[in-house]
Participant: 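After the structure tokens below, expect a handful of questions from me.
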Amino acid sequence: MQYKIHSGSWVKLANEAKSIRKAVFIVEQNIPEDEEWDEQDAIALHFVVYDQNSPIATARLLKNNSIGRVAVLEAYRGQGVGRLLMLAIIQQAKNEKRSFFKLSSQVHAIAFYESLGFNTQGTEYLDCHIRHIDMMLNI
Ligand code: COA
């Protein structure tokens, strides 16, 4: 397996996570900088996927079982990297005896999360001008 995954605090992984989230959310999706960074980063558990030593994907897991900021660099999409990342988060949560996940999915990513067992909840809403819907997974 050419990819490795590290998890840890913002202090440990901020540089890598920031580089991916800047490229994906701020540059590609035009999300304003002040919406991207919040106080949750300091207390979340962060995950970064590496190709050799190069960070290519990230996500964060909050204390309330919310998964967020899931991002794979464009050049690496459609190759199972996002799935690998989500499976690592799910395994971590199982180790911690967590029993469910929730997330706010961009509508275009519904099928991605459904392929991991998540179900949509309620109706769509706008966040940062992007259509979202809540999704849940019981583990
Ligand atoms: N639409 C439909 N299905 C998708 C999809 C999409 N946009 N992206 C992935 N899938 C499906 C794949 O077909 C695959 O299913 P399969 O195993 O049956 O073939 C499964 O989801 C896993 O795909 P994978 O290759 O691991 O996904 P990825 O590495 O491309 O990552 C995202 C998916 C959504 C994380 C990635 O496209 C991304 O970073 N997008 C930009 C940021 C973003 O929108 N993040 C989500 C915020 S909620």
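This structure is a prediction, so every number in the text was calculated from the model and none was measured. Counting convention: from 1, in listed order, for ligands and their atoms alike.
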Participant: Which atom pair, heavy atoms only, marks the closest approach of T58 to V48?
Facilitator: OG1-CG2, 3.9 Å
Participant: Any protein heavy atom at under 4.0 Å, with atom 25 (O) of ligand 1 as the reference point?
Facilitator: yes
Participant: Between N119 and Y113, is there a side-chain donor-acceptor contact under 3.5 Å, judged purely by atom types and distance?
Facilitator: no
Participant: Starting from atom 45 (N) of ligand 1, find the nearest protein heavy-atom neighbour and note its residue, name and distance.
Facilitator: V70 O, 2.8 Å
Participant: Is any side-chain heavy atom of D134 less than 4.5 Å from a side-chain heavy atom of T120?
Facilitator: no
Participant: Is there a path of hydrophobic side-chain contacts, each under 4.5 Å between heavy atoms of I/L/V/M/F/W/Y residues, joining L62 to M136?
Facilitator: no
Participant: G82 heavy atoms, cut-off 4.0 Å: which ligand 1 atoms fall inside?
Facilitator: 26 (O), 28 (P), 29 (O), 31 (O)
Participant: Within ligand 1, which atoms have a heavy atom of Q79 less than 4.0 Å away?
Facilitator: 25 (O)
Participant: Could you tell me if the ring centre of F47 sits under 6.0 Å from that of H6?
Facilitator: no
Participant: What heavy-atom pair brings H46 and S9 nearest, and what distance separates the two atoms?
Facilitator: CD2-C, 4.0 Å
Participant: The test is salt bridge (charged side-chain N to carboxylate O under 4.0 Å, His left out); show your working for R77 and E28 and say whether it passes.
Facilitator: CA-CA 14 Å; R77 289 183 199 150; E28 188 185 334; 2.8 Å; yes
Participant: If we only consider heavy atoms of Q29, is any one of them less than 4.0 Å away from an atom in ligand 1?
Facilitator: yes
Participant: Counting only N and O atoms by type, is there a donor-acceptor contact under 3.5 Å from the side chain of S115 to the main-chain atoms of F112?
Facilitator: yes
Participant: Could you name the option among E28, R77, M86 that has the heavy atom nearest to atom 41 (C) of ligand 1?
Facilitator: R77
Participant: Could you check atom 39 (O) of ligand 1 against the protein and tell me its nearest heavy-atom contact, residue, atom and distance included?
Facilitator: V72 N, 2.8 Å
Participant: Can a non-hydrogen atom of S104 be found less than 4.0 Å from any atom of ligand 1?
Facilitator: yes
Participant: Which atoms of ligand 1 are found less than 4.0 Å from any heavy atom of V24?
Facilitator: 41 (C), 42 (C)
Participant: With a 4.0 Å cut-off, strictly under, does atom 14 (C) of ligand 1 pick up any protein heavy atom?
Facilitator: no
Participant: What heavy-atom pair brings I133 and G122 nearest, and what distance separates the two atoms?
Facilitator: CD1-O, 3.5 Å
Participant: Just which atoms of ligand 1 are under 4.0 Å from any heavy atom in S115?
Facilitator: 20 (C), 21 (O)
Participant: Compute the shortest N/O to N/O distance between A109 and ligand 1 and return yes if it is under 3.5 Å, no if not.
Facilitator: no
Participant: What are the atoms of ligand 1, with element, lying closer than 4.0 Å to any heavy atom of G80?
Facilitator: 24 (P), 25 (O), 26 (O)
Participant: In the protein, what heavy atom is nearest to atom 48 (S) of ligand 1, and what distance, to one decimal place, separates them?
Facilitator: Q106 N, 3.3 Å
Participant: Which of the atoms in ligand 1, numbered in the order shown and given with their element, are less than 4.0 Å from a heavy-atom of A111?
Facilitator: 2 (C), 3 (N)
Participant: Under a 3.5 Å distance rule, please check whether R69 uses its side chain to pair with a backbone N or O of F25 as donor and acceptor.
Facilitator: no
Participant: Provide the number and element of each atom of ligand 1 under 4.0 Å from a heavy atom of A71.
Facilitator: 39 (O)
Participant: Which atom names give the shortest non-hydrogen contact between A71 and I20, and what distance separates them?
Facilitator: O-CG2, 3.8 Å
Participant: Which of the numbered atoms in ligand 1 are below 4.0 angstrom from a heavy atom of V81?
Facilitator: 26 (O), 29 (O)
Participant: Protein heavy atoms: any of them under 4.0 Å from atom 19 (O) of ligand 1?
Facilitator: no
Participant: Of F25, F112, Y113, Y76, which has the heavy atom at the shortest distance from atom 34 (C) of ligand 1?
Facilitator: F112
Participant: So which protein heavy atom does atom 6 (C) of ligand 1 come closest to, and at what separation?
Facilitator: H108 O, 3.7 Å
Participant: Check whether any protein heavy atom sits under 4.0 Å from atom 37 (O) of ligand 1.
Facilitator: yes
Participant: Within the structure, does at least one protein heavy atom fall under 4.0 Å of atom 31 (O) of ligand 1?
Facilitator: yes
Participant: Students often mix this up, so state it plainly: with edges at 30° and 60°, are the rings of Y125 and H132 parallel, tilted or perpendicular?
Facilitator: parallel
Participant: Do W10 and L61 share a hydrophobic cluster, counting only Ile, Leu, Val, Met, Phe, Trp and Tyr and linking them when any side-chain heavy atoms are less than 4.5 Å apart?
Facilitator: no
